[in-house]
Amino acid sequence: MHDRGRESVIVRVEGWVVAGLVLIASLIFVPLFPDGTLAKWQVLYVLAALSAVRLMWSRFDTFDFAVIAFVLYAISTYLWAVDPFGVVHAAPRWIAMGLIIMGARRIRYWAPIHWMIGVSVLAIVAMSAIPYYPSVIGNGDLASGFMNENYATSYMVTALPMLFALVAGWPLFFLSAIICTLTYIVFINGAKLEVAAITAWTAIWVAPRIANPKVWMLVGLIAIFVMWYALTVQSASINYRLLTWERGWEMFLAAPLLGHGLGGLDALYSTFAGGHDPMTPRHGAFAVGAAHNDWLQLVTDTGIAGMALAALLVVMVIRTPNKPSWAVYGLAGLSAIAFLDFPLQQPGPCLLGALCLGAAVRAKRVPRQFPLPWLALRATPVAAIALVLAVAGVRNVSAELHFRDVIDTHKTQPLASYVHVREAIRDWPFSKWYRREAYLRAAKAGVVGVHLDAARGAMRSAYPWHPTVERIDRLVAMRRHQAGGIYD
């Protein structure tokens, strides 16, 4: 009886600790970091390290090994990646999410997590509705480090089923989630393509009721509303997605089996676009960054092999009986949005997706009796993982603070800006953002000789071919000519 009471206390403490970290990861935003999501990732590293410790006393099953295989394969793309440094940059995040999924499978007390997610939802709604909220763009669209209103919406469509499952029974929570999501999208957030999540929810709800005429009438009304709403999306939003998907498909066909490695789509986009694409810097952004379709980007970066491992996880989820409704709807909404955007690359939505995935395929309770030598053996990889995440977190923070100095000085002190970007690369040489800025800052500062060559090499490692690189090359050549060919 005493052991059972102690175990109950441990279970409750575990639930509240995870809930607190989920709340912090959902709402934290540190203006000192140019990358608004960096603080969230640091919290997720802490949660992942705690999950690793929790797994020391757990027996692994088939689903655990499937998650491990997926993460290890994604990291192994370093061996053939077009940008191996980009794989290293992504590796800690893949490891963290894999550990969180495996840890979530063993959580037995979910109530505080649901409540903390509810607090996050209310805070996000409040911050999104407040004009000129002090964030990176001066309003609530980027509140809490979501960096875009679409990412905040992705978080909401995953969080709302978790919240309403706590306060309402099925199917009331489903209808409440739809109404609140539509209200948030239409009147507060302004995003539109995210109604795909509601379509996914409706499809799941309809499936077991397909013979009921009243259900079909409701589905028809929802479908008409969704189609009308989707048709009001600005054409530019659809056009650049279609264009990016076309390039992504071309990249997949170029390396269909194993892909181009993590980050490959961003690195190669300009190469495949050939400089005549609206998404290239002459017409738009410096780098496409993401395909606005996580599933397309997954198959582009990891190939058919990576997609097969992801499909294996999906099949195992589908075949699991007695899944919590909120986990199913959370995964369905997030997966639907992932066809139109990249929520799985954002820490907030990705965290909730990992929690839903873990809850959908819960691990069986087994006696946790391991001999001491076996526990010591298990502690070795746990310590190694915790060390990797700690080093990555500290180096990321240090590099980001240097990069903030780059932004602060690039207009008035170009040489100082170049020095700061070199320091950022020294601390974390794996970021594409830092490497691409190295050549830009070096050229603007008038740097010559080996330093200029090193900066050019850094940018080329991130983007093998890019119109901006060609433009800077021409500028440097012109300077050489004006200096009479002198090149230190």
Side-chain angles (χ1 to χ4, degrees), residues 19 22-29 36-37 40 44 113-130 133 135 137 139-168 172-202 204-205 222 225-226 229-230 233 292 294 324-357 359:
V22 169
L23 178 64
I24 296 171
S26 299
L27 298 179
I28 189 170
F29 173 66
T37 65
K40 293 180 182 294
L44 294 189
I113 301 174
H114 287 258
W115 282 119
M116 290 301 102
I117 289 174
V119 172
S120 301
V121 166
L122 294 176
I124 292 168
V125 170
M127 288 186 289
S128 298
I130 296 174
Y133 176 80
S135 65
I137 64 166
N139 61 49
D141 286 344
L142 300 192
S144 296
F146 280 101
M147 304 308 295
N148 186 283
E149 72 279 2
N150 295 339
Y151 312 149
T153 305
S154 301
Y155 182 94
M156 295 291 285
V157 301
T158 316
L160 285 171
M162 301 177 75
L163 173 62
F164 287 112
L166 184 64
V167 299
L172 183 59
F173 96 83
F174 164 67
L175 297 176
S176 303
I178 284 186
I179 293 170
C180 289
T181 301
L182 282 176
T183 302
Y184 178 77
I185 290 175
V186 176
F187 296 107
I188 297 178
N189 189 276
K192 295 186 177 182
L193 293 174
E194 282 69 16
V195 294
I198 297 175
T199 306
W201 292 346
T202 305
I204 293 177
W205 185 68
I222 294 176
F225 176 82
V226 169
Y229 192 69
V233 175
H292 286 79
D294 276 329
S325 297
W326 58 266
V328 174
Y329 278 81
L331 288 173
L334 193 61
S335 299
I337 293 178
F339 278 102
L340 301 170
D341 223 318
F342 46 103
L344 301 181
Q345 300 180 49
Q346 299 300 317
C350 194
L351 168 62
L352 297 194
L355 293 176
C356 289
L357 182 57

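Atoms considered below: every heavy atom in the structure, side chains included; atoms not considered: hydrogens, waters and symmetry mates. Since the structure is predicted, the reported quantities are computational estimates derived from the model, not experimental observations.
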Locate the shortest heavy-atom distance separating G348 from K40; write the atom from each residue and the value.
N-CD, 4.5 Å
What distance separates D294 CG from L344 CG, expressed to the nearest 0.5 Å?
4.0 Å
For G118 versus L163, what's the shortest heavy-atom pair and its separation?
CA-CD1, 3.5 Å
With rounding to the nearest 0.5 angstrom, report the CG to CG distance, L352 to L331.
10.5 Å
Could you report the tightest heavy-atom contact between Y329 and W201, atom names first, then the distance?
O-NE1, 2.8 Å
Pairwise side-chain contact, C356 with L334, heavy-atom cut-off 4.5 Å (strictly under)
no
If I compare all heavy atoms of A200 with all of A336, which pair ends up nearest, and what's the gap?
CB-CB, 3.7 Å
Please find the pair of heavy atoms, one from M156 and one from P161, that lie closest to each other, and give the distance.
O-CD, 4.4 Å
Mind checking whether I117 and S26 have side chains closer than 4.5 Å, heavy atoms only?
no
Working to the nearest 0.5 angstrom, can you tell me the gap between I28 CD1 and L23 CG?
10.5 Å
Find the distance between CE (M162) and CG (L355) and round it off to the nearest 0.5 Å.
5.5 Å
dist Y155:OH -> I337:CD1 (nearest 0.5 Å) comes out at 13.5 Å
